[in-house]
Amino acid sequence: MDDLKLHRSKGMIISPEITSALPYSEVEDITKEILEKTHFRPKLGIICGSGLGGLAESIENAEVIDYSEITGFPVSTVPGHAGRLVFGKLSGKPVVLMQGRAHIYEGYPLHKITLPVRVMKLMGVTTLIVTNAAGGLNENYRVGDIMIIKDHINLPGFSGVNPLVGPNDIKFGPRFPAMSTAYDMGLRQTAKRIAKELGFSDFVREGVYVMLGGPSFETVTECRMLRMVGADATGMSTVPEVIIANHCGIRIMGLSLITNCCVMEYDSPKVANHKEVLETGQMRSKDLQKLVSTMVKELEL
Ligand SMILES: O=P(O)(O)O[C@@H]1C[C@H](O)[C@@H](CO)O1
């Protein structure tokens, strides 16, 4: 008996939120709908965070589909997230790039935010590079640093907010996926070596990303607490996508751009703001493009 039928047979109450997660066959239909609009068959997916959509500039022979034209896709409402699916070639390899993502704070349920990842899986994507803008918690981090993500803290998950809540479809992956190896070690090592070869060592780090729901930025005490528990950077995305990608066996690399330093002192006049986030994205855009395109050149897909 499949998981959804089992839930019903036990008389379990499933919230409308959970039942509205798309079944495998509908994700297949959406995938087919998209693939009819492009001749590319990518094995690599890229998700661009706030202000990082410039990565699309490196894509050759781009074919673009607006999220609004795709059944079930969440439409971006945040500045710095164009809301377009870009197919094309990066370093000679076919890729699909999400120019912008959806976030919990926009009001989207997690299954909708993460739908594009399942669609990528059914398209044939085996490796995902996921990027975000984040606030630096680590006292050694500077604005403009790029952090290779080695692990995450799913803070919303502490209260049951996880994109895998609800009946599990084994066609996507197991009921209880391990998360301790979510950020592929081989990809992290390659990224570190390439950063060194490109002369980027001064601003490329490796650390832990923590996700909060947003949209308000963190208080001083929240930042202090997050630093104490081992987080190096804080943001409002990425973790749900990584959980869903890892669940369905996609290899993942995560990159955070440190767009601002978190305020750690009670009497500091400094405040986090989205304008600074977008400006830093612009400032580091070319270096991020170089790091990602050089990695892609080397990737065995
Ligand atoms: O999509 P990401 O995680 O890059 O966006 C970050 C978090 C908020 O959406 C926004 C705050 O400036 O940037």
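All heavy atoms count here, side chains included; hydrogens, waters and symmetry mates do not. Here, residue 1 is the first one in the sequence, and each next residue gets the next number. The shown structure was predicted, so the numbers you read here are calculated from the model rather than taken from an experiment. Both counts, for ligands and for their atoms, begin at 1 and track the order of listing.
M185 belongs to no hydrophobic cluster with other residues, because no ILVMFWY side-chain heavy atom falls under 4.5 Å from its own, directly or through intermediates. Residue V220 is found in a hydrophobic cluster whose other members, listed by chain and number, are V263, Y266; membership requires side-chain heavy atoms under 4.5 Å apart, directly or through intermediates.
The local environment of CD in E298 is crowded, with over 12 non-hydrogen atoms from other residues, nucleotides or ligands closer than 6.0 Å.
Aromatic ring pairs are classed by plane angle as parallel below 30°, tilted from 30° to 60° and perpendicular above 60°; the pair H103 and H81 is perpendicular.
Between the side chains of Q289 and S285, a donor-acceptor pair is found at a separation under 3.5 Å.
Within 4.0 Å of ligand 1, heavy atoms belong to protein residues G49, S50, H81, R101, H103, Y105, N132, A133, F217, M236, S237, H274, V277.
For the ring-ring contact (aromatic ring centres under 6.0 Å, His included) test, no residue two or more places apart in sequence or in another chain qualifies with F87.
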